[in-house]
Amino acid sequence: MFGKKKKILILEDEVALAKALSIKLENEGFDVTIADDGEAAIAKIDGFVFDLAILDLVTPRIDGFAVLKHLRSKNEEMPVFVVSNLSQKEDM
């Protein structure tokens, strides 16, 4: 055994994109959890420890900005990839 699999949380409301990311990452040996809205992501963050988060910013119920803020209140060190097509300067 090579050790514990790294856990990745994906917050993405586009099912096809979330599934594609999940398949690719699982094929690379990661343990992937998908949340399709911000509320589900926060529940998962509160229930598990992740090594990485991939966050869409525009998501139902609770947006990715609030999820990121919640995540940082729990773990300031965890790497986060932000995936978004927002282009407003204040969003960036």
Side-chain angles (χ1 to χ4, degrees):
M1 194 117 207
F2 294 106
K4 188 174 101 173
K5 285 185 176 184
K6 299 288 185 179
K7 294 176 132 328
I8 299 176
L9 171 65
I10 297 174
L11 169 57
E12 177 56 66
D13 61 325
E14 291 186 34
V15 176
L17 180 54
K19 188 66 178 168
L21 283 169
S22 177
I23 289 169
K24 178 64 176 166
L25 291 167
E26 287 171 346
N27 286 341
E28 294 296 325
F30 296 98
D31 182 8
V32 178
T33 299
I34 297 173
D36 62 359
D37 66 54
E39 190 173 284
I42 287 174
K44 291 174 189 307
I45 290 164
D46 288 344
F48 300 97
V49 175
F50 294 97
D51 298 294
L52 172 72
I54 301 173
L55 304 179
D56 183 6
L57 294 178
V58 181
T59 57
R61 296 178 153 202
I62 299 173
D63 67 27
F65 291 105
V67 173
L68 180 58
K69 184 176 181 179
H70 182 79
L71 180 66
R72 285 295 178 235
S73 75
K74 299 261 181 202
N75 183 341
E76 293 182 2
E77 305 279 321
M78 186 175 76
V80 176
F81 285 114
V82 174
V83 180
S84 180
N85 62 2
L86 293 177
S87 59
Q88 298 290 334
K89 186 175 182 176
E90 58 272 9
D91 293 331
M92 291 191 268

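Not measured: the values here are computed from a predicted model.
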Rounded to the nearest 0.5 angstrom, the CD1-CG distance for Ile42 and Leu11 is 9.0 Å

dist Leu57:CG -> Leu68:CG (nearest 0.5 Å) comes out at 7.5 Å

Interatomic distance, CD@Glu26 vs CG@Leu21, rounded to 0.5 Å, equals 11.0 Å

#### Entry: Side chain proximity check, Thr33 to Phe48, heavy atoms < 4.5 angstrom
no

Query raised in the report: Val83 and Ile45: same hydrophobic cluster, using ILVMFWY side-chain contacts below 4.5 Å?
Result: no

(message) As a quick check of understanding, evaluate side chain to side chain contact (heavy atoms under 4.5 Å, CB included) for Leu25 and Ile10, giving each step before the final call.
(response) CA-CA 10 Å; Leu25 291 167; Ile10 297 174; 4.0 Å; yes

Q) Can you tell if the side chain of Val67 reaches within under 4.5 Å of the side chain of Ile62, non-hydrogen atoms only? A) yes

One should read off an interatomic distance between Asn75 CG and Phe50 CZ, to the nearest 0.5 angstrom, of 11.5 Å

Spell out, yes or no, whether Phe81 and Val32 are grouped together once hydrophobic residues are joined by side-chain heavy atoms under 4.5 Å, including indirect joins. yes

Between the CG atom in Asp63 and the CG atom in Leu55, the distance rounded to the nearest 0.5 Å is 10.5 Å

In short, side chain to side chain donor-acceptor pair (under 3.5 Å) pairs touching residues 7-16 with sequence neighbours left out are Lys7-Asp31

For Arg72, does the CZ atom have more than 12 heavy-atom neighbours from other residues, nucleotides or ligands under 6.0 Å away? yes

### Query
If only atom types and distance count, is the side chain of Ser22 paired as donor or acceptor with the main-chain N or O of Lys19 below 3.5 Å?
no

Q | Contact check, side chains of Asp46 and Lys74, non-hydrogen atoms, under 4.5 Å | A | yes

Rounding to 0.5 Å, atoms CE (Met78) and CG (Leu52) come to a distance of 7.0 Å

Report task. Report whether Ile54 and Leu17 are members of the same hydrophobic cluster (ILVMFWY, side-chain heavy atoms less than 4.5 Å apart, transitive linking). Result -> yes

Hydrophobic cluster identity match, Phe30 and Ile34, side-chain contacts under 4.5 Å
yes

